[in-house]
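Here's the structure, in structure tokens; my notes come after.
We number each residue from 1, following the sequence as shown.
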Amino acid sequence: MRRYGVSPITVSRAIAWLAAEGRVVSRPGSGVFVAPVRGPAAEAPDHSWQTVALGDRVVDDAAVASLLAHPSDGVIPLTGGYLHPELRPVRALTAAAARAVRRADAWDVPPLNGLASLRRWFAGEAGGAVTGDDVLVVSGGQSALAHAFRALAAPGAPVLVETPTYPGALAAAKAAGLRATAVPIDQDGVRPDLLAEAFAVTGSRVFYCQPTLHNPTGATLSLERREQVLAVARAAGAFVIEDDYARYLTAGPIPPPMVALDAHGTVVHILSLSKISSPSLRVAGLVARGPAARRLRAGQVVESFFVSRPLQETALELVGSPAWRRHVSVIRQEITARQAALLTGLARHAPEATVHLVPHGGLHVWVRLPAGADEAAVVEAAQLNGILVSPGRIYHPAEPPGPRLRLTHTAAASLAELDAGIRRLAPALRTGPNAGTGE
């Protein structure tokens, strides 16, 4: 006040103003002090520029991620692509891994196309004239699909797929920049006449299919139809990507793989060990011949060099042990029992769900909901009731023909849990999102 010749009110207002700006701190009984100096406030990172830089090359993982999701405590999974942990050959895998890492060369660089012994084994499983030289060892079936789509077709090209089909294949095709075009199937699998028409209309040079225990419907192509599909593809000058994911999940005799019937390099064959063993045994055989094989091998070398040698050695130890055939036999028996339990439970508790067909094995059953049912509401009601199911829409490359669900019987811990899951699902099928618990 003395220095500037102003009134106490003016000084009080000035101090209040400075305090509001954070420049001074008032301490009652002590006075007013200069506030501690603070650095400039850190701005939140702005990542919006990346939207322009990345463009529209979006990879949609929603459908695949939903199939890989772990159920919460108390939730019964009626969806999934792998065996329940109780059904996996954990002891045999552990023993195989222990033997594998004790090998003197276990941590050496493997041959770029895979261990020779493992490639010969995959060739023997494929049959026909396939040799070890035709096999590329890759990191699981999904990786094989990604390699195949990128190698066999250029971005923007059409690729033919069965409808419905495996969502992971749709996602991999889209990530490779391909346009999926649907080819209808019936209870015996893809229709060769419509496949020929689709090749003619689209000019596609790639057809992706699952001829054995098709996911999700469970259909299996007869030997006659397999030969017809091969003839149609060869006439179109096209490749057939044969996803043989269910080779060890059958409950009875099945026709030979399409690659065993092929003498012209038409078929690119995929056989994975993950479904029958463990999700983490990411080892698969990719069979191809001619320039396509060279392109596939070059693609893997550029992208990932090779598959981990200890993992390949573990796979080789597993399939070469007596435990392997015992495990396959046990799982086939378990599949038969679980499928019967699921079908019986649906007939008893949810007769409104119509089963598409009774597969000769596999992990799933494809069901049609009542006409007019709200598929999304049923899935939501099931979740509220403590059940995970797969909505049918994610299996279609285009508009689905109606409300569907894929129900898995090997994801539950036991037959008792499977039955409890069906009981919980039943009211959701009838009443939508306001269903009760069903227990």
Look only at the side chain of [X] and the backbone of [Y], and say whether a donor-acceptor pair between them is shorter than 3.5 Å.
X: Arg205; Y: Gly203; value: yes
X: Asp134; Y: Thr131; value: yes
X: Arg225; Y: Val190; value: yes
X: Glu242; Y: Met258; value: yes
X: Arg226; Y: Pro211; value: yes
X: Glu162; Y: Gln210; value: yes
X: Thr212; Y: Thr220; value: no
X: Tyr248; Y: Leu273; value: no
X: Thr408; Y: Thr410; value: no
X: His364; Y: Gly81; value: no

Check whether more than 12 heavy atoms from other residues, nucleotides or ligands sit under 6.0 Å from atom [atom1] of [X], and answer yes or no.
X: Glu303; atom1: CD; answer: yes
X: Glu224; atom1: CD; answer: no
X: Glu86; atom1: CD; answer: no
X: His360; atom1: NE2; answer: no
X: Arg99; atom1: CZ; answer: yes

Electrostatic pair [X]-[Y], nearest N-O below 4.0 angstrom:
X: Arg393; Y: Glu375; answer: yes
X: Arg102; Y: Glu317; answer: no
X: Arg309; Y: Asp105; answer: yes

Task: Modelled atom types, side-chain donor and acceptor of Gln339 and His409, under 3.5 Å - done: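 Side chains of Gln339 and His409: no pair found under 3.5 Å.
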Open item on the list: Looking only at side-chain N and O atoms, does Arg332 offer a donor or acceptor that is under 3.5 Å from a partner on Ser329?
Closed with: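 No.
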Task: Within-4.5 Å side-chain heavy-atom neighbours: Leu429 and Leu405 - done: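 Of all side-chain heavy-atom pairs linking Leu405 with Leu429, at least one is under 4.5 Å.
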Open item on the list: Rounded at 0.5 Å granularity, tell me how far CG in Asn215 sits from OG1 in Thr165.
Closed with: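 If we round to the nearest 0.5 Å, Asn215:CG and Thr165:OG1 are 7.5 Å apart.
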Task: Interatomic spacing from OG1 in Thr314 to CG in Leu311 - rounded to 0.5 Å - done: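 If we round to the nearest 0.5 Å, Thr314:OG1 and Leu311:CG are 6.0 Å apart.
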Open item on the list: Assess the residue pair Phe122 and Val283 against the criterion (side chain to side chain contact (heavy atoms under 4.5 Å, CB included)); give the C-alpha distance rounded to whole Å, side-chain angles, the decisive distance to 0.1 Å, and a yes or no.
Closed with: CA-CA 11 Å; Phe122 274 119; Val283 175; 4.2 Å; yes
TODO: Please say which of Ser143, Ser274, Ser272 ends up in a side chain to side chain donor-acceptor pair (under 3.5 Å) with Arg282.
DONE: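 With Arg282 as partner, side chain to side chain donor-acceptor pair (under 3.5 Å) holds for just one option, Ser274.
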